[in-house]
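Scroll down for the structure; my scribbles are underneath it.
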Amino acid sequence: MTATPEQHDVVTLLTADHHAVRDLFEGYRTTTDPELRRQLVDRITVAVVRHSVTEEAHLYPTVRKALPNGDRIADEEIEELTEAERILSDLDAVDPRDRRFDPLVQELMDVVSMHIRGEEDLVFPELRERLTPEERMALGLRVGEAAAAMQGVPPVSPEGPGPGRTLADRVREQLTGRTR
């Protein structure tokens, strides 16, 4: 018997994702060990890409339909996630001892923080206002099911990166069957 995800409001689920990424960033800030920093950036990569895939498939179609200016809002949020994945791809090629690593991580933190603020300050309050509790729960169930299905996906393919394939590319491909 497989476990089913608990049903939660979509805002609650996605806010929990945001907290998890913030915790990973805090872990990065509190260590100077290059190997641990690489591990944390790899975990951030998996978390951000999984979050992006889930939001693209489930949240943003609802945002487009339910919110005034929903297309613009969804496009802006997707653009921020695309920028975060670009930075993650850049980080994949840089050794944590390289002087470029920390500034790239800071750039990532800035972009992800902007994305989180946009959702928590604008998108989530609008969803609470415009969707019924039942609609938010139904969306939360779809997001929770997608997240549960993604938990079984290993974060990297066994054959390694391949030419031009970063960790972010490999995670996205495993989750969706395609790259961005």
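Reckoned from all heavy atoms, side chains included, excluding hydrogens, waters and symmetry mates. Numbering of residues begins at 1 and proceeds along the displayed sequence. From a predicted model like this one, the values you see are computed outputs, not experimental measurements.
- Distance check, rounded to the nearest 0.5 Å: CD of Glu77 to CZ of Arg72 gives 10.0 Å.
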task = Begin from the C-alpha positions of Arg64 and Asp75 and carry the test side-chain contact (heavy atoms from CB on, under 4.5 Å) through to its verdict.
result = CA-CA 9 Å; Arg64 289 180 190 286; Asp75 290 344; 2.7 Å; yes
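- Side-chain heavy atoms closer than 4.5 Å link hydrophobic residues (I, L, V, M, F, W, Y) into clusters, and following such links, even through other members, never connects Tyr60 to Met114.
- Annotation: side chain of Arg136 is in contact with side chain of Pro133 (closest heavy-atom distance under 4.5 Å).
- Screening Thr54, Leu13, Leu127, Val143 for a side chain to side chain contact (heavy atoms under 4.5 Å, CB included) with Leu59, the sole residue that qualifies is Leu127.
- No side-chain donor-acceptor contact under 3.5 Å links Arg97 to the backbone of Pro34.
- By the 4.5 Å heavy-atom criterion applied to side chains, His51 and Leu14 are counted as neighbours.
- Atom CD in Glu135 sits 9.0 Å away from atom OG1 in Thr62 (nearest 0.5 Å).
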message = Please evaluate residues Arg22 and Glu26 with respect to the criterion salt bridge (Lys or Arg N to Asp or Glu O under 4.0 Å), reporting the C-alpha separation (whole Å), side-chain torsions for both, the decisive distance (0.1 Å), and the verdict.
response = CA-CA 6 Å; Arg22 284 181 181 128; Glu26 188 56 33; over 6 Å; no
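- Atom CZ of Arg100 has 12 or fewer heavy atoms from other residues, nucleotides or ligands within 6.0 Å.
- Its side chain within the 4.5 Å cluster rule, Ile87 clusters with Val21, Leu24, Phe25, Tyr28, Leu36, Leu40, Val41, Ile44, Val48, Leu88, Leu91, Val94, Phe101, Leu104, Val105, Leu108, Met109, Val111, Val112, Ile116 among the Ile, Leu, Val, Met, Phe, Trp and Tyr residues.
- For the atom pair CG (Leu141) and CD (Glu134), the distance works out to 13.5 Å, reported to the nearest 0.5 Å.
- A salt bridge links Asp102 with Arg37: the distance from a Lys NZ or Arg NE/NH1/NH2 to an Asp or Glu carboxylate oxygen falls below 4.0 Å.
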request  = Kindly determine whether Glu35 and Arg38 satisfy salt bridge (Lys or Arg N to Asp or Glu O under 4.0 Å), including the steps that lead there.
outcome  = CA-CA 5 Å; Glu35 290 171 21; Arg38 169 53 71 195; over 6 Å; no
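- For Arg86 and Glu83, the salt-bridge test passes: some basic side-chain N is under 4.0 Å from an acidic carboxylate O.
- Partners of Arg43 by salt bridge (Lys or Arg N to Asp or Glu O under 4.0 Å), not counting sequence neighbours: none found.
- Side-chain atoms of Asp110 and Gln106 include a donor-acceptor pair closer than 3.5 Å.
- Of the listed residues (His115, Glu119, Arg117, Glu85), just one forms a side chain to side chain contact (heavy atoms under 4.5 Å, CB included) with Glu80, and that residue is His115.
- Residues meeting the side chain to side chain contact (heavy atoms under 4.5 Å, CB included) test with Thr15, sequence neighbours left out: Val11, His19, Glu120, Phe124.
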